[in-house]
Protein chains: 2
Amino acid sequence: MNAADTRQRILMTAMELFWEKGYLSTSVADILSRSQVHSGSLYHFFPGKQDVLVGVLELYRDGIDEMLLAPNWEGVDDPIDKIFALLAGYRTHLIVTDCTYGCPIGSLALEIHEPDPVVRDLMAANFTGWSTAIAGCFDAAADRLPKGADRKALGEFVLTVMEGAVMQARTYRDIGYFDRNIAVLRDYITTLMATAKDDSFA
Amino acid sequence: MNAADTRQRILMTAMELFWEKGYLSTSVADILSRSQVHSGSLYHFFPGKQDVLVGVLELYRDGIDEMLLAPNWEGVDDPIDKIFALLAGYRTHLIVTDCTYGCPIGSLALEIHEPDPVVRDLMAANFTGWSTAIAGCFDAAADRLPKGADRKALGEFVLTVMEGAVMQARTYRDIGYFDRNIAVLRDYITTLMATAKDDSFA
DNA sequence: GGCTTGGTTGAATGTTCAATCAACTCATCT
DNA sequence: AGATGAGTTGATTGAACATTCAACCAAGCC
């Protein structure tokens, strides 16, 4: 096993564990035993536990297109459909995990109360990547939306709804909370598009 | 200091600390030193740290009307205004804390990955209390909403938006993220009411 | 006065934690 | 061949952690 392998194995394992148990509840020993790496090797690549978190957040940030968007948008062309296809991906995660799934970034954002600036910036960058992608969908469908629509704010709003919907479904262990939230969002976006249609006749 | 005082002091201190640092990052020693209570006394009233959390969650649940809703709804009569008055209360918290504030229940919900059923039920009960209060506002304004509107789902949706808006404002340390999210929500509710008006003419 | 009960004190326990480090392996370069 | 240095090993360290407990106190009752 070469150096790149070890570093990568640590990051992948930490990604898994942070997602399963959260950052605080994951001990360095947990990472070591699951990744079959020895403590000295981990500390050779990372100054400390927090630097492993930084590495994981960088992986998320850099992998958003290939690992998150592309899989969910395969065969989906309509930009509005893309938004709900992405949300459907989160729904699948919830179903598969018996409503135990949590958005890894959202969980970290609420779990770490006094984040180091480096960590906070990376969490923010992850949010920005997500909501910018959604805003891009709204941009692509701009002709179907009201003229003055703040499409960046809409992107942030969809992120908000996803995070809140996942949070509630997870807390209640009931997918109904996710579905109802998404249904309301869908109603809003539908209404927005209907409004835009009316405008064009005015 | 009598027994009730000690128990209360522990709970109040724990409430503060869980809000400031989160549950996992608050040590029993933190609670002891700030509350000026000795470990034996704490363990006389609570079997363990988690039971202190249970006590805190019960306080939140039982205090929602007096401690959360009443202060924000003073002098506000219109039920739709009440919704945004409550959200404005969260905005004030964010401003006062330099966008460091987090909803205590939301934070706990995402921080504790494998909650004891007792804890999970209490977090859910807190969410339900909140969204039910908002649903009550929508009920009171039912005549201004579309006939078929799912007012329970709308209550959950407002909770979702609050949690997501707080999460983003906190992560970016920028109140703009909160404001834009609430603006979009306001646009939606306004649109809903406008739609209802149209309906009445149809 | 003595006994009971509810509460207090704080040192001590055993565990878990992140982090360290001296000793090592082994491919690569001169 | 010998030197170099990136990478590995795992026992060890010291701090922090939740929890325990024997001793103690004081108000109320017999």
Side-chain angles (χ1 to χ4, degrees), chain A residues 1-58 107-108 111-120 122, chain B residues 1-57 107-108 111-119 122:
Chain A
M1 173 173 52
N2 65 33
D5 279 352
T6 304
R7 216 192 106 96
Q8 205 67 9
R9 170 116 106 266
I10 291 167
L11 285 177
M12 289 303 184
T13 308
M15 190 184 254
E16 272 177 34
L17 283 164
F18 293 165
W19 174 75
E20 288 172 25
K21 326 177 44 168
Y23 173 68
L24 294 169
S25 299
T26 298
S27 68
V28 174
D30 289 335
I31 301 173
L32 297 177
S33 70
R34 188 180 290 190
S35 63
Q36 301 275 45
V37 164
H38 299 273
S39 67
S41 295
L42 186 147
Y43 284 97
H44 173 74
F45 290 104
F46 302 96
K49 185 187 176 189
Q50 182 183 279
D51 303 272
V52 177
L53 172 62
V54 167
V56 167
L57 286 170
E58 284 169 346
S107 298
L108 289 170
E111 177 182 9
I112 301 171
H113 279 243
E114 279 167 353
D116 194 277
V118 183
V119 171
R120 201 173 57 73
L122 273 166
Chain B
M1 174 173 51
N2 64 31
D5 278 353
T6 303
R7 216 192 105 96
Q8 205 67 6
R9 172 115 106 269
I10 291 166
L11 285 176
M12 288 303 183
T13 308
M15 192 183 253
E16 271 176 34
L17 283 165
F18 292 165
W19 175 73
E20 289 172 24
K21 327 178 40 168
Y23 173 68
L24 294 169
S25 300
T26 298
S27 68
V28 174
D30 289 335
I31 301 173
L32 297 177
S33 70
R34 187 179 290 188
S35 63
Q36 302 274 45
V37 164
H38 298 273
S39 66
S41 295
L42 187 147
Y43 283 95
H44 174 74
F45 290 105
F46 301 96
K49 184 188 176 187
Q50 182 183 280
D51 303 273
V52 177
L53 173 62
V54 166
V56 167
L57 286 170
S107 298
L108 290 169
E111 178 180 8
I112 302 171
H113 279 242
E114 278 168 355
D116 193 278
V118 182
V119 171
L122 273 167

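Note that these values count all heavy atoms, side chains included, but never hydrogens, waters or copies made by symmetry. Letters A, B, ... are given to chains in the order of the sequence lines, protein chains preceding strands, and every chain is numbered from 1. Small disclaimer: the values here were computed from a predicted structure and weren't measured.
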- Length of the CZ-P vector between F46(A) and dA18(C), whole Å: 15 Å
- Message: How long is the straight-line distance from OG of S107(A) back to CD1 of I112(A), given to the nearest 0.5 Å?
- Response: 10.0 Å
- What is the distance from atom CZ of R9(B) to atom CD of Q36(B), rounded to the nearest 0.5 Å? 7.0 Å
- Query: Roughly how far apart are H38(B) NE2 and T6(B) OG1, rounded to 0.5 Å?
  - Reply: 10.0 Å
- Output all residues satisfying side-chain hydrogen bond (donor to acceptor under 3.5 Å, both in side chains) with S27(B), sequence neighbours left out; order by chain, then residue number. D30(B)
- Task: Check the distance between dA18(D)'s C1' and D51(B)'s CG and give it to me in whole angstrom.
- Result: 12 Å
- Task: Can you tell me the distance, in whole Å, between the CZ atom of R9(B) and the C1' atom of dT8(C)?
- Result: 13 Å
- Let me know the distance between CD of Q36(B) and P of dT8(C), rounded to the nearest Å. 14 Å
Report all interatomic pairs (protein N or O, nucleotide N or O of nucleotides 10-12 of chain D) with separations under 3.5 Å.
unit_1, atom_1, unit_2, atom_2, d
dG10(D), OP2, H38(A), ND1, 3.0
dG10(D), OP2, H38(A), NE2, 2.9
dG10(D), O6, G40(A), N, 3.0
dA11(D), N6, S39(A), OG, 3.1

- Message: Distance check, rounded to the nearest 0.5 Å: M12(A) atom CE versus S35(A) atom OG?
- Response: 12.5 Å
- Query: Which whole-number value in Å describes the distance from L42(B) CG to dC21(D) P?
  - Reply: 16 Å
- According to a strict under-4.0 Å criterion, is Y43(B) in side-chain N/O contact with OP1 or OP2 of dT20(D)? no
- What pairs with E114(B) under side chain to side chain contact (heavy atoms under 4.5 Å, CB included), at least two apart in sequence or on another chain? none
- Is there a residue in residues 21-31 of chain B whose heavy atoms reach under 4.0 Å of DNA chain C, and which residues are they? none
- Pairwise distance CG(L24(A)) to NE2(H113(B)) - rounded to 0.5 angstrom: 8.5 Å
- Message: Expressed as a whole number of angstroms, how long is the span from K49(A):NZ to dA18(C):P?
- Response: 5 Å
- Query: Is H44(B) near enough to dG7(C) that one of its side-chain N or O atoms lies under 4.0 angstrom from OP1 or OP2?
  - Reply: yes
- How would you list, by chain and number, every residue that makes a side-chain hydrogen bond (donor to acceptor under 3.5 Å, both in side chains) with E20(B), sequence neighbours excluded? R34(B)
- Task: Using whole Å, report how far CZ of F45(B) lies from P of dT5(C).
- Result: 17 Å
All N/O donor-acceptor pairs, side-chain side in residues 42-51 of chain A, below 3.5 Å, sequence neighbours left out:
unit_1, atom_1, unit_2, atom_2, d
K49(A), NZ, Y23(A), O, 3.0
K49(A), NZ, T26(A), O, 2.9
D51(A), OD2, G48(A), N, 3.1

